[in-house]
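What's counted below: heavy atoms across the whole structure, side chains too, no hydrogens, waters or symmetry copies. If you're wondering where the values come from, they're calculated on a predicted model, not measured in any experiment. Letters go in sequence order (proteins before strands), and every chain restarts at 1.
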Amino acid sequence: MRREDNISGTLDWPTIGLYFLLVLMGWLNIYAVVYDEGTHQFIFSLSLNSGRQLIFILASFILISGIVILDLRFYEAFAYVLYGIIIVLLFLVPIIGKEVGGNKAWLGVGSFGVQPSEFAKFITALAVAKYIGSVGFRMDSMRNQMMLFGLIGLPMALILLQKDTGTALVFTSFIFVFFREGMSPFLMIVGLCAAVLFILTLLIPNQLYLHGAILVILILLIAFGKKKVKRILLLTFGAIIIMGVIESVDYVITDVLKPHQQNRIKALINPDADPLGFGWNVTQSKIAIGSGGFAGKGFLRGTQTKFDFVPEQSTDFIFCTIGEEHGWIGSLLVIGLFVTLLLRIIYLAERQKNRFTRVYAYSVVSIFFFHFAINIGMTIGLFPVIGIPLPFFSYGGSSLWGFTILLFILLKLDAHRGQVLQRI
Amino acid sequence: MNEGRKEIFQVVIVLTGLVFLVKLFFIQVVSSHYAEMADSNAILRQVDYPFRGLIYDRNGKLIVYNSPEFKLEVLLKDVRNFDSAKFCSVFSMSRQELRKAFKDMKGRKEFSPYKPTVFLDQLSNADYARVQDYLDEFPGFYVQARTTRAYSTTALANTLGYVSEISKTQLEKDQQRIYRQGDYIGQSGIEAYYEQQLRGVRGVRFKLRNVKGIIKGSFKNGAYDTLSIPGEDLVTGIDLNLQLYGEKLMRGKSGSIVCIEPSSGEILALVSGPSYDPSLLTGKQYSSNFKLISSDTNKPLFNRPLMAQYRPGSIFKIAQAMTALQEGVITPDTRITCDRTIINCHGAHSYEDLRGAIANSCNPYFHNVLRRMLNKGEVNDPYKDTRIGLSEWDKHMASFGFGKPLGIDLPNEKGGQIPSPEMYDRAYNNRPWKFSNIYSIAIGEGENLVVPIQMANFAATIANKGYYITPHIVKVVGTSGKPLPAYLEKHYTTIDSSYFRIAADAMQLVVEAGTGQYRAKLRDIVVCGKTGTVENNPPLHDHSVFIAFAPRVNPRIAVSVYVEDAGQGARAAASIASLMIEKYLLGKTQRQWIEDYVLIGDFGDKDN
């Protein structure tokens, strides 16, 4: 058994190094967004986002200390309790919360507010890890699977009630974790196929072509496969379902999705259709990033960045600043750092002997990856605009603290990996 | 269990990173499209319109200058919270007009929401003063200052021409891409001919601005800014007093007055009647007035001195006489009987020499002269003989500047017509023709056509005793101190200089004792002139024509006057020509009765 005060020696310093690098770069970029040549405001000025972000960063150091000092057993022992508390909070938000930017996702006193949904991520990760790590859990048990989907579905549904679709979608990233822990890939494949079909339906204006293609594939499969009645029936049934999905996409787009969500998808398909309306964010974001060129315009020299052409640039569109001021080289560095961090966490996950920690680690990877992929993907026009932050870069206390806690609980668990009894 | 799933995670993560980097490489490094878009986003390009060159008369009087005008431009992507009701009330326009303005703007080919586009044109000073306080309530709308033409005189409209926005077809023809939609361009007159000199060079200022369109300073401290360069000023040879006087005399008449300084070819006055006030075709009222003026049945936009083609009439006899002398078929002393059987004549005379025949405008004399020229008996076949004679005759006529445009510095000049053998072949469908078919050209009728400026130039050629300098409006371009090089060259005729003295003698006789003695003679100035009465299509009356130069020694002015439908040349045209000479040489007119006669405009029995 190691002594508690020797903990710093066993924390994974490469990960901590990456964390500090990303947070520092994020802070500088937030300053670049708000920088105004005329006013000469200092980066520490509290009237600027950069000054406030520094406060958030300093506060997250206190959180880190707390996480490291807290007893290891707390996280596993209190996982369900924390889960219960956050569910209650999420439930209360629509009732007593305040509305910011169209989303009623904030709980606060006076000018100070937090978004419970940001903290729901790590708490759900703990609960999922505890459930999968518990004795007698079997991934192939239908009941256990239902429980798991319930665990992630409940916070997701409550966040959807806050109209914060982006954050709610983050919870789907737990499916990656389930997959890693043995769930059949069927669900992921079906999900992927549905997404591809969805996009294809939008891209190809005449759905008859799609139907025709499916029929051709069906006939080929029947003609060149085993001619068993059951198989033919199954294939035909599958084809009918697919065609049904295609038909329903149009219905979903026009009748189920809200207008602003429809527009985000339309903007993805054809951002030039209305560059001043729903295409504005993506168009301006691509202009800002694209104008950076190979080496960028230089720190604080971005014209698009400085003059507010991209909306929400400090938060969801912070990557534009990197692309514009630091060019392709800067983008390479940031993407490289994120990929390194993700691979490092997988490495940490795989060296755990404890299933609870490993599941938790994969949750961390999945959540970070989801944010990383969706956020950068949307700024360069590869994904629809989904309002989720880029970890450590986007301005905002709740999101920074949420990601910090998420990562450092893992580091704390990892530091004690030798201490815990193996349960598998 | 779950072997290989870790690797799937790793592969997916690395692949995602790679896809991002490839996509970023395309939009950042490969494509320049986004960089350009960024520039148009953040950098506002403000055009600094140059001052168009000024236009002066020969005595330094300013004729055309610039007056400020404002246009409203819109950068559509910057327009926020547009309150159309308020806009309509501020700019005093109806909802339909506003909708039309938007539609027109979006219909233009070069329209882009990322570029400032002209929205309302030609706001006057007063309009601007009224709306400027409200402009900040309409983000995305900017006022651009530029200038429009203004005139110090009501005269000279067709010579000056007008300036208007460049048309679609002109814009397409502009290969060097000098002009933009909404730019002004000279459309006629010297505004069009000297467009290149007058327009100047536009300047550009680049301003940085934020998403709300608020200017945040100049781009790179103005390193890419250029100042506009004003256009070159033009000094015309026009004597504004003379011009105004000429327009006064022509009021209510159709026709033209051309006055040229023979020694330089500078045009002193160029009157086209009827005319219009050039100020009507500027600023906001341009399009409505243009419609009015261009549909006027009197055709005020038809620049008669250059574009009206008339048969020359009797004044052509002088050209015939000199050609015959040069060809050696007559001498100044050759007398010919006034035999009125083939061709009619007027006045009491029977057997004149050359000077007498010109002074009395004897038709049979010149019929005979032309026959001598065309049928010299070089070959026996009268058809071929006429052909040879006509070709030689053509050469001489062309050397006077007849039959083709002179090349004056104004657009749309017509060339008239001098019949050639080929032309008669076509007219007679290649059937044979000879002198008896074509003799009416002897007295300036038939197939001859001349333009008033050619007749004034002809008078100047006689005054110069054998050469002319192509008539031109502009005597000084910019700071060069000189006109365009083409207007310094002397064009010599094929006629010997000594024969011009005989022509001048005859013309002096016309004024002192012949058809011009009653109205063209001046007390102190020796005027050389020739009347002409040009047949017109009945029931219209003949055109009254007169050419002259004065004084006889060191001539300072050559004139041609055409008054349509006014009868004999000795009346309206001779009066006007002599008044112009008097006005120019003396600065005033002394014969009130002649002036009143012209101004009243009743020229007696027009049919005789």
Side-chain angles (χ1 to χ4, degrees), chain A residues 36-38 139 176 179-183 185 275-276 280 283-284 286-297 302-311 319 323-324 327-329 331-332 334-336 338-340 342-343 346-347 349-350 362 365-366 368-369 372-373 376-377 380-382, chain B residues 1-44 75-80 112-114 140 206-221:
Chain A
D36 185 334
E37 207 164 0
M139 194 51 104
F176 298 135
F179 167 70
R180 171 63 187 87
E181 290 304 316
M183 187 182 280
L276 300 179
W280 174 269
T283 309
Q284 293 298 328
K286 279 163 86 176
I287 288 173
I289 294 173
S291 68
F294 185 74
K297 297 176 185 170
T303 53
Q304 309 300 294
T305 299
K306 244 189 296 191
F307 300 143
D308 313 327
F309 285 98
V310 187
F319 189 74
E324 187 186 12
W328 190 75
I329 287 293
S331 311
L332 174 72
V334 170
I335 290 170
F338 269 109
V339 168
T340 311
L342 291 170
L343 293 178
I346 290 178
Y347 168 78
E350 290 295 333
Y362 267 103
V365 172
S366 302
F368 278 145
F369 175 71
F372 161 75
I376 296 182
I380 60 181
L382 288 174
Chain B
M1 177 180 141
N2 304 331
E3 282 310 307
R5 294 202 173 175
K6 176 188 92 175
E7 284 76 15
I8 291 177
F9 268 78
Q10 290 165 334
V11 167
V12 167
I13 287 167
V14 172
L15 267 182
T16 308
L18 284 178
V19 166
F20 285 172
L21 287 173
V22 169
K23 170 84 179 178
L24 283 164
F25 191 78
F26 273 100
I27 65 174
Q28 291 187 307
V29 183
V30 177
S31 162
S32 62
H33 171 69
Y34 294 102
E36 284 161 17
M37 299 271 281
D39 287 348
S40 82
N41 249 349
I43 298 170
L44 183 69
L75 191 56
L76 207 57
K77 74 178 187 61
D78 290 357
V79 175
R80 303 283 137 85
S112 156
Y114 297 99
F206 294 99
K207 294 281 163 75
L208 280 177
R209 46 139 199 205
N210 69 4
V211 70
K212 294 192 183 72
I214 294 163
I215 305 288
K216 303 291 260 186
S218 67
F219 177 62
K220 302 225 162 142
N221 290 322

Answer with side chain, backbone, both or neither: which region of A/Ile289 has an atom nearer than 4.5 Å to a non-hydrogen atom of chain B? both
So, the part of A/Tyr347 with a heavy atom under 4.5 Å from chain B: the answer is neither
Go through B/Ile27, B/Val14, B/Val30 and name the one with the most non-hydrogen pairs under 4.5 angstrom from chain A. B/Ile27
When A/Ala373, A/Gly292, A/Ser366 are compared by non-hydrogen pairs under 4.5 Å with chain B, the top option: A/Ala373
Quick one: pull up [atom1] in [X] and [atom2] in [Y] and give me the separation to the nearest 0.5 Å.
X       : Y        : atom1 : atom2 : answer
B/Phe9  : A/Leu342 : CZ    : CG    : 10.5 Å
B/Leu24 : A/Ile380 : CG    : CD1   : 4.5 Å
B/Gln28 : A/Leu332 : CD    : CG    : 10.5 Å
B/Arg5  : A/Phe176 : CZ    : CZ    : 13.0 Å

Determine yes or no for a side-chain-to-main-chain donor-acceptor pair under 3.5 angstrom, with B/Gln10 supplying the side chain and A/Leu343 the backbone. no
Please check this pair: side chain of A/Trp328 against backbone of B/Leu21, looking for a donor-acceptor N/O pair closer than 3.5 Å. yes
A/Phe338-B/Phe20 aromatic ring centre distance below 6.0 Å: no
Evaluate A/Phe369 against B/Val12 for side chain to side chain contact (heavy atoms under 4.5 Å, CB included), listing each step before the verdict. CA-CA 10 Å; A/Phe369 175 71; B/Val12 167; 3.6 Å; yes
